[in-house]
Novice: 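Sharing a structure below in structure tokens format, with a few things to ask.
Predicted model, so just to flag it, every value in this text is computed and none were measured. Numbers here are sequence positions counted from 1.
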Amino acid sequence: MIRTNVWMKLLTSVLLTAATAFPQSSDRLPVTDAEKIADALRAGPAFITKDATVLDWPSAPGGEYRLFRRGSKRMDLSPGYSWVSAR
């Protein structure tokens, strides 16, 4: 009886952990302009992102980047990827 109780508690803990962990991870890319800007600003620490230019990716290969915000630093941030590119 005690052994069954221990296994049930362990199974419950594992299931609850899995149920709360998996919904938090998302491979969904940002869609709205606000989501794209917020996603781009998460790309680096505040001392870099506060004055960085925020651009959207071109809608077609070879197309123009769309400007969300012009910055004063020589850094460009774009949504959907976790890297920052220097000009």
Novice: For Gly71, does its backbone N or O pair with a side-chain atom of Thr53 as donor and acceptor, under 3.5 Å?
Specialist: yes
Novice: Do you know the tightest heavy-atom contact between Pro79 and Ala40?
Specialist: N-CB, 3.8 Å
Novice: Kindly write out the residues that satisfy side chain to side chain contact (heavy atoms under 4.5 Å, CB included) with Pro61, not counting sequence neighbours, or none if the list is empty.
Specialist: none
Novice: Might you point out which heavy atoms bring Glu35 and Val31 nearest each other, and give the distance in Å?
Specialist: OE1-N, 2.8 Å
Novice: If you round to the nearest 0.5 Å, how far is OG1 of Thr49 from CD1 of Ile37?
Specialist: 12.5 Å
Novice: Please list, chain by chain and in numerical order, all residues satisfying side chain to side chain contact (heavy atoms under 4.5 Å, CB included) with Ser59, sequence neighbours excluded.
Specialist: none
Novice: Please identify each residue that fulfils side chain to side chain contact (heavy atoms under 4.5 Å, CB included) with Pro58, with sequence neighbours left out.
Specialist: Tyr65
Novice: Residues in salt bridge (charged side-chain N to carboxylate O under 4.0 Å, His left out) with Arg66, at least two apart?
Specialist: Asp33, Asp56
Novice: Over all heavy atoms of both residues, which pair between Leu41 and Val54 is shortest? Give the atoms and the distance, please.
Specialist: CD2-CG2, 3.9 Å
Novice: Which pairs count as salt bridge (charged side-chain N to carboxylate O under 4.0 Å, His left out) when at least one residue sits in residues 42-51, sequence neighbours excluded?
Specialist: Asp39-Arg42
